[in-house]
Number of protein chains: 2
Amino acid sequence: MAEFTLPHHHSDVSDALSIKETLDKTGNFTKVAEIFKNLGDSNRLRIFCLLCHREECVIDIAAMVDMTTPAVSHHLKVLKAAGLIISRRSGKEVYYRAADTFEADFLHKAVDKVMDITCPGRVDIE
Amino acid sequence: MAEFTLPHHHSDVSDALSIKETLDKTGNFTKVAEIFKNLGDSNRLRIFCLLCHREECVIDIAAMVDMTTPAVSHHLKVLKAAGLIISRRSGKEVYYRAADTFEADFLHKAVDKVMDITCPGRVDIE
DNA sequence: TTTACAATTAAACGATTGTTTAATTGTTTA
DNA sequence: TAAACAATTAAACAATCGTTTAATTGTAAA
């Protein structure tokens, strides 16, 4: 990346190189985008938010979000692979809940905040 | 929603109904998921972050993120429709930059935060 | 009014995604 | 061990998405 020049030159060209270099560390942006993508489906988002408020088994999750259990199971797999939720088996049931991590907690707050911004006047969970 | 009962009963069943009702206001979750989806593509995320730091024309954006101009134009359209960026024309060029809104600002900070969490030890822009 | 350049749009494409139905695995109880 | 129930996995499908190439629109300079 020794000789990068912008096709056009308006603002500080000096910054351009360093910004481009940061932008090139695509790995970072890919990771972050992946995380946002996890919450980019409304059903998955509903499940995640539910599991931030209560631990629940798959059948009850399915009942609360009004979906089939295979569909729910699929989304749980995605959220779990992302490290956003954890599970424990108790007898025949598997219970899921939000992971007790800084990331999951931050994302939950971020979702609440974005909902505050975009849906003013809404009624919050509890 | 008068007679909703959970298939199984573990924790407080009383909460279940109110949570389900909140979860049913799907409109809200759809809106929020839509916003996260906008940042759920690494190239679109790179463009958004770039435009949070500097105003730039399409050709230069394309050069900095190493993409074709039609591809960039497509992402700009998505981000603009979401209200995350704005544009102004000056002569032959169209300049884009992050919108000066609470939402765009919050999202920018959220991206930074998530990157801090997931990519520790990274070098920040500027 | 041509010519050149910036940007957008259109059409086509391959790839990914979310859901459904059916089959399978895991666990408990009769 | 057989039957019942919870959960996951598999296969198939339609729908969405991001990128490419080509064509088009918009603006300015020759």
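Throughout, a chain's letter reflects where its sequence line sits, starting with A, and its residues are numbered from 1.
- Taking atom CG of residue Leu45(B) and atom C1' of nucleotide dG18(D), one finds them 15 Å apart after rounding to whole Å.
- For the pair Met67(B) CE and dA6(C) C1', the interatomic distance rounds to 17 Å; values are reported in whole Å.
- The closest side-chain heavy-atom distance from Cys49(A) to Val111(A) is below 4.5 Å.
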Solution key, residues 95-103 of chain A side-chain donor-acceptor pairs under 3.5 Å, sequence neighbours excluded:
from: Tyr95(A); atom 1: OH; to: Glu93(A); atom 2: OE1; distance (Å): 2.8
from: Tyr95(A); atom 1: OH; to: His10(B); atom 2: NE2; distance (Å): 3.0
from: Arg97(A); atom 1: NH1; to: Glu55(A); atom 2: OE2; distance (Å): 3.1
from: Thr101(A); atom 1: OG1; to: Ala104(A); atom 2: N; distance (Å): 3.1

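- The closest side-chain heavy-atom distance from Val32(B) to Asn28(B) is not below 4.5 Å.
- Side-chain atoms of Arg54(B) never come within 3.5 Å of backbone atoms of Glu56(B) as a donor-acceptor pair (strictly under, hydrogens ignored).
- Where DNA chain C pairs in unbroken runs of 3 or more (Watson-Crick or G-U, both distances under 3.5 Å), the stems are C:1-30 with D:1-30.
- Between Asn43(A) and Arg46(A), some side-chain heavy-atom pair lies under the 4.5 Å cut-off.
- Nucleotide dT8(C) holds its P atom 11 Å from the CD atom of Glu93(B), rounded to whole Å.
- Here the C1' atom of nucleotide dA6(C) and the NE2 atom of His8(A) are 7 Å apart, to the nearest Å.
- One can place NZ of Lys92(A) at 12 Å from P of dT27(C), the figure rounded to the nearest angstrom.
- When distances are taken from the side chain of Cys57(B) to each of dA7(D), dA7(C), dG18(D), the shortest belongs to dA7(C).
- Regarding contacts with the backbone of dT20(C), a side-chain N or O of Thr68(A) is found under 4.0 angstrom from either OP1 or OP2.
- For DNA chain D, the neighbouring residues in residues 73-89 of chain A, judged by any heavy atom under 4.0 Å, are Ser73(A), Lys77(A).
- By the salt bridge (charged side-chain N to carboxylate O under 4.0 Å, His left out) test, Lys92(A) is found to be paired with no residue, residues two or more places apart in sequence or in another chain being considered.
- Positionally, the nearest nucleotide of DNA chain C for Val94(B) lies more toward the 5' end than for the other of Gly91(A) and Val94(B).
- Among the heavy atoms of the strands lying under 4.0 Å from Tyr96(B) are primed sugar atoms or P, OP1, OP2 only; no base atom is included.
- Taking atom CD1 of residue Ile59(B) and atom C1' of nucleotide dT8(C), one finds them 13 Å apart after rounding to whole Å.
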Report all side-chain donor-acceptor pairs from residues 65-83 of chain B shorter than 3.5 Å, counting only partners two or more places apart or in another chain.
from: Thr68(B); atom 1: OG1; to: Ala71(B); atom 2: N; distance (Å): 3.4
from: His75(B); atom 1: ND1; to: Arg44(B); atom 2: NH1; distance (Å): 3.3
from: Lys80(B); atom 1: NZ; to: Ser87(B); atom 2: OG; distance (Å): 2.8

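- Side-chain atoms of Pro70(B) lie closest to dT21(D) of the nucleotides dA7(C), dG18(D), dT21(D).
- Val114(A) has its side chain within reach of Leu107(B): a pair of non-hydrogen atoms, C-beta onward, lies under 4.5 Å apart.
- Between Asn43(B) atom CG and dC17(D) atom P there is a gap of 16 Å when expressed in whole angstrom units.
- Put simply, NZ on Lys37(A) is 8 Å from P on dG18(D), counting in whole angstrom units.
- Applying the ring pair (Phe, Tyr, Trp, His ring centres under 6.0 Å) rule to pairs touching residues 30-50 of chain B yields Phe36(A)-Phe36(B), sequence neighbours excluded.
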